[in-house]
Amino acid sequence: MYLYQQRFVAKEEVAISPDDRGYYFGDGIYEVFRVYNGQLFEAEGHYRRLEKSAADVRIPLPYSTKELHEKLIELIGLNHLQEGTVYIQITRGSAQRSHPFPGQVEPVLMAFTTEMQRPTQKMEQGITAVTADDIRWLRCDLKTLNLLPNVMAKQNALDHGADEVIWHRNGIITECSASNFMLIKNGELWTHPANNLILHGITRNVVLKLARQLQLVVHEAPFSLDELQLAEEAFITGTTVEVTPIISVDNAPIAQGLPGPVTRQLQQAFRKHIGLT
């Protein structure tokens, strides 16, 4: 079942208009929630980010946070989802193609669930990455539908036999195509500050909190490609990847080319945080 506007319907009954501004302009926002044991993970953080994205792009939310939460819980129940994701998308609505915001238009909401297992193999073995110029716009903190740069970067990584791309702006690392990036240097954790140049990841926030609980020194500060080459460990964080080690970048191994001890500590802490032993 899908949540489409005010109703729960079969996928075949979802009827998005060809005049939807999400098609014309990518004029919309979205969120992806993780579900563990039938429960939304870190739901409040996702709702806050959704509200900020909506406010900044000036799309009125069709539901209050409380109403939306009730709808998503009902959707999870209808689809009998135990482990997976909930995707929600809200566009500005349908109108004749013209750049200015249309008047008297109703936002279009759609949500659905997907079964998804934890990426245990990749978390255990690690993944590879390549670096690339960050060519996105300057509001990467907003979770909008304008994802073509992310799609192109991800495909470029796959074309080069890598799993992910690490973006940088003039040599300063920002994040990855679909995740946040962190490294360990001199036993301390570094990640780009949560400003307009990166997505303020929900899992990122959880991992930073867990790192501080483990008495790690945490730097939310810029760092360069040169520092990446000297990193003792590197990993990504995200809703669907949790804490996944990066073992090589641009065909050069990180340290020994194996997941490191700090990454393992954080994986274990995250596993405990989501209720697994």
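A donor-acceptor pair under 3.5 Å is formed between the side chain of E232 and the backbone N or O of N186. Between the side chain of N150 and the backbone N or O of S177, at least one donor-acceptor pair lies under 3.5 Å. Between the side chain of R34 and the main chain of E42, no donor-acceptor pair closer than 3.5 Å is present. For S248 (side chain) and N251 (main-chain N/O), no donor-acceptor pair under 3.5 Å exists by modelled atom type. In this structure a side-chain-to-backbone donor-acceptor pair under 3.5 Å is missing from R21 to A95. Remark: the backbone N or O of A15 is paired with a side-chain donor or acceptor of Y4 at under 3.5 angstrom. Without hydrogens or angle criteria, H200 side chain to A194 main chain gives a donor-acceptor distance under 3.5 Å. For T244 (side chain) and V241 (main-chain N/O), a donor-acceptor pair under 3.5 Å exists by modelled atom type. Of the possible donor and acceptor atoms, none in the side chain of E83 sits under 3.5 Å from a partner among the backbone N and O of V35. D134 places no side-chain N or O within donor-acceptor distance of the main-chain N or O of W167, the cut-off being under 3.5 Å.
Under the 4.5 Å side-chain heavy-atom criterion for grouping Ile, Leu, Val, Met, Phe, Trp and Tyr, L3 is connected to M1 within one hydrophobic cluster. Under a hydrophobic-cluster definition in which Ile, Leu, Val, Met, Phe, Trp and Tyr are linked whenever side-chain heavy atoms come within less than 4.5 Å, directly or via other members, V108 and Y87 are assigned to the same cluster. Hydrophobic clustering places V86 together with I73 (ILVMFWY residues linked when any side-chain heavy atoms are closer than 4.5 Å, directly or through intermediates). Note on I173 and L230: separate hydrophobic clusters, where clusters join Ile, Leu, Val, Met, Phe, Trp and Tyr whose side-chain heavy atoms are under 4.5 Å apart, directly or indirectly. Both L50 and L40 belong to a single network of hydrophobic side chains, linked directly or stepwise wherever heavy atoms of I, L, V, M, F, W or Y lie under 4.5 Å apart.
Geometric assessment of R58 against the ring of F101 yields a negative cation-pi assignment under the 6.0 Å and 45° thresholds.
R139 has a carboxylate O that lies under 4.0 Å from a charged side-chain N of D56, or vice versa, which qualifies the two as a salt bridge. Between R212 and E220, at least one side-chain nitrogen of the basic residue sits less than 4.0 Å from a carboxylate oxygen of the acidic one, meeting the salt-bridge criterion. Residues E67 and K71 are not paired through a salt bridge, judged by the lack of any N-O separation under 4.0 Å between the basic side chain and the carboxylate. A salt bridge links E227 to K185: at least one charged side-chain nitrogen sits closer than 4.0 Å to a carboxylate oxygen. A salt bridge is absent between K122 and E164: the closest approach of a Lys/Arg side-chain nitrogen to an acidic carboxylate oxygen does not fall below 4.0 angstrom. Ionic pairing of E31 and K143 is not present here: no N-O contact between side-chain nitrogen and carboxylate oxygen is shorter than 4.0 angstrom.
Inter-residue side-chain proximity for R49 and L199 is flagged as met; some heavy-atom pair is nearer than 4.5 Å. For the pair H168 and D133, the minimum side-chain heavy-atom distance is below 4.5 Å. Residues I59 and T91 have side chains not in contact (no heavy-atom distance under 4.5 Å, counting atoms from C-beta outward). The shortest side-chain heavy-atom distance between D27 and L145 does not fall under the 4.5 Å cut-off. Between T113 and L75, the closest side-chain pair of non-hydrogen atoms falls below 4.5 Å. For the pair E233/L183, no side-chain contact is recorded, criterion being any heavy-atom separation below 4.5 Å from C-beta on. Contact of the I247 side chain with the P259 side chain is registered, since non-hydrogen atoms from C-beta on lie closer than 4.5 Å. Between E175 and H192, every side-chain heavy-atom pair lies at or beyond the 4.5 Å cut-off.
The SG atom of C176 lies 8.0 Å from the CG atom of N180; values are rounded to the nearest 0.5 Å. Here I127 contributes atom CD1 and Q121 contributes atom CD; the two are 12.5 Å apart, rounded to the nearest 0.5 Å. Atoms CG and CD1, on L61 and I29 in that order, are 5.5 Å from each other to the nearest 0.5 Å. With values rounded to the nearest 0.5 angstrom, L228 atom CG is found 13.5 Å from W190 atom CH2. Here the CD1 atom belonging to I166 is positioned 7.0 Å from the OG1 atom belonging to T131, to the nearest 0.5 angstrom. The CD atom of E242 lies 11.0 Å from the CD1 atom of I236; values are rounded to the nearest 0.5 Å.
Listed here is the closest heavy atom pair of D20 and G22: OD1-N, 2.7 Å. Taking all atoms of both residues into account, the shortest heavy-atom contact from I76 to G38 is CG2-O, 3.7 Å. Here the shortest heavy-atom pairing between I90 and P107 reads CG2-CB, 4.1 Å. Counting all heavy atoms, side chain and backbone alike, L197 lies closest to R136 at O-NH2, 3.5 Å. Scanning all heavy atoms of the two residues, the minimum distance from A234 to I254 falls at N-CG2, 4.0 Å. When all heavy atoms of V130 and D250 are compared, the closest pair comes out as CA-OD1, 3.2 Å.
E51 and T65 share a side-chain donor-acceptor pair at under 3.5 Å. Looking only at atom types and distance, the side chain of Q267 has a donor-acceptor partner in the side chain of R264 under 3.5 Å away.
In this structure, F8 has its ring center at least 6.0 angstrom away from the ring center of Y2.
Counting non-hydrogen atoms of other residues, nucleotides and ligands closer than 6.0 Å to CD of E115 gives a total of 12 or fewer. Atom CG of N170 has 12 or fewer neighbouring heavy atoms from other residues, nucleotides or ligands inside a 6.0 Å radius. No more than 12 heavy atoms of other residues, nucleotides or ligands lie within 6.0 Å of CD in Q256, so this atom counts as exposed by the packing criterion. Around atom CD of E44, no more than 12 heavy atoms belonging to other residues, nucleotides or ligands sit under 6.0 Å away.
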How far apart are the C-alpha atoms of D159 and Q155, what are their side-chain angles, what is the distance that settles it, and do they pass the side chain to side chain contact (heavy atoms under 4.5 Å, CB included) test? CA-CA 6 Å; D159 290 345; Q155 187 60 51; 2.8 Å; yes

Begin with the C-alpha distance, continue with both residues' side-chain angles, and end with the deciding distance and a verdict on side chain to side chain contact (heavy atoms under 4.5 Å, CB included) for L138 and R169. CA-CA 11 Å; L138 297 179; R169 292 182 187 267; 3.6 Å; yes

side-chain hydrogen bond (donor to acceptor under 3.5 Å, both in side chains) between D226 and S224, worked out: CA-CA 5 Å; D226 291 338; S224 69; 4.6 Å; no

Show your reasoning for whether side chain to side chain contact (heavy atoms under 4.5 Å, CB included) applies to Y30 and L147. CA-CA 11 Å; Y30 76 103; L147 294 175; 3.6 Å; yes

Show your reasoning for whether side chain to side chain contact (heavy atoms under 4.5 Å, CB included) applies to F181 and T237. CA-CA 6 Å; F181 179 79; T237 64; over 6 Å; no

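Through direct or indirect side-chain contacts shorter than 4.5 Å among Ile, Leu, Val, Met, Phe, Trp and Tyr, F235 is connected to Y36, F41, M182, I184, L189, V206, V207, L208, L210, L214, L216, V218, V243, V262, L266, F270, I274, L276.
Between H69 and Y47, the ring planes lie perpendicular to each other; the angle is over 60°, past the 30° to 60° tilted range.
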